[in-house]
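See structure below.
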There are 2 protein chains.
Amino acid sequence: MARPSVEAERKAQILGAACAVLADVGFTALRISDVAKRVGTSTGTVHYYFPTKRDLTTAAFEWNFERSLERRQHILELHDDPRTELRAFVDSYLPGDEVTVQAWHVWAELWVEALHDDDLAALNERVYGAWRKIVCRIIEEGQAAGHFRAGDALNLANGLIGLIDGLSLQVLLGSKEMDVERMRVVCDEWLAALDVVEPIRS
Amino acid sequence: MARPSVEAERKAQILGAACAVLADVGFTALRISDVAKRVGTSTGTVHYYFPTKRDLTTAAFEWNFERSLERRQHILELHDDPRTELRAFVDSYLPGDEVTVQAWHVWAELWVEALHDDDLAALNERVYGAWRKIVCRIIEEGQAAGHFRAGDALNLANGLIGLIDGLSLQVLLGSKEMDVERMRVVCDEWLAALDVVEPIRS
DNA sequence: GGGTTGATTGACCCATTGGTCAACCTTGGG
DNA sequence: CCCAAGGTTGACCAATGGGTCAATCAACCC
């Protein structure tokens, strides 16, 4: 080892740039040279760490997921009561601030690419499964504590996640009839319907 | 006029082929030559009717919408009671048969392209608005008839549509945890929750 | 300070593909 | 039967952009 490796750091820079470009112009229009320019390096360097465009984008999709989960870790570590936890978790996914919007754009690109690529579909299944599992766990805890009404927790989780995905898409598309505030209301109504009609105690 | 125009017919053939290719390989990988080959003609002919690739894909997205609505016209013309009508309408959107799956694929491509193209975003707003309006109208009729519980009909419609979109995506992606049958169950639960708790009469 | 190796560069190659175009075909009218 | 005009063809052009590579640099060790 001649010097300390800069590999991890450089890779992170490149992946961050790749996500930004993906969100800006989409998978179709992503150019290796754009990513390089954004990092302030050359296309050669990008290819040095990610031999092909597919290697780069696949790694970027994975990186987007890891960062996305990382940003929400603090919510999960609070160990609030399930109602608060679920609400905070859902809230963190509303495409309001720029970071969240960018992450959503990258997710959308992943979905559509995954429709025609088995490897990406497998990646989606894995990372989407993680998100589904977290929501499912919170719902189960809420049911056990008597806060949430009964029902198949997996179905409930899938419903909530589906709702969020679908609404986010329209928000991202700039629909006049579906903006972040409307989305918040619809999600809140869904969450309210999850609460037991009669609180069990006090 | 030397002969009767074949324009409408040929355009429809080309647009049908374009939708098939879009669904098969996606917007990114759509080639004019693939569309031409599927129709059994030359790239020159495709360009004769649709000067640029963008003209072709935009028209294909619109065509997909029109066909999609057309296929459901019979449901709307039955004038069933709102509960039955809404259920039939939702059911017709489950990505089960091949035709519906292809249409969903094209929708997904539209969404992601529209994220980076204002014209396509406007197209989406228009056609998505039509779909939203239909669902909203059915819900309002159901509320007026006392079948559905009270609540902002537009929000309810947006919630249902968002749910369907989000779930469909995961079904299309071949998720093991979300197939058509599970999707049907989740949608049915949503619809059941829309019914009034105590039927108003008999 | 020389050697080793990781890291970087950007010019270049070449496959791909959207779009053009001039020639040609086909149908129907006069 | 010939002409006009819509319709069709596919070779070709030009641009684009992924990936290669030989040269170079920079950090660290001996």
Under the side-chain hydrogen bond (donor to acceptor under 3.5 Å, both in side chains) criterion, do A:E125 and B:S175 qualify, and how do the steps go? CA-CA 6 Å; A:E125 179 78 351; B:S175 168; 3.1 Å; yes

Rounded to whole Å, the OH-C1' distance (B:Y49 to C:dT20) equals 18 Å

Output yes when at least one side-chain N/O atom of A:R10 is less than 4.0 Å from OP1 or OP2 of C:dT8, else no. yes

Can A:D119 and A:R54 be counted as an ion pair, charged N to O under 4.0 angstrom? no

Find the distance B:K37:NZ to C:dT17:C1' and express it as a whole number of Å. 13 Å

Cationic N near anionic O, under 4.0 Å, A:E181 to A:R184: yes

Plane angle bin for B:F89 and B:Y93 - parallel if under 30°, tilted between 30 and 60°, otherwise perpendicular: perpendicular

At under 4.0 Å between heavy atoms, how does the protein contact nucleotides 9-21 of chain D? Give one character per nucleotide, 5' to 3', with B, S or -. BB------SSBB-

Closest non-hydrogen atom pair between B:L154 and B:D152, with its separation: N-OD1, 3.0 Å

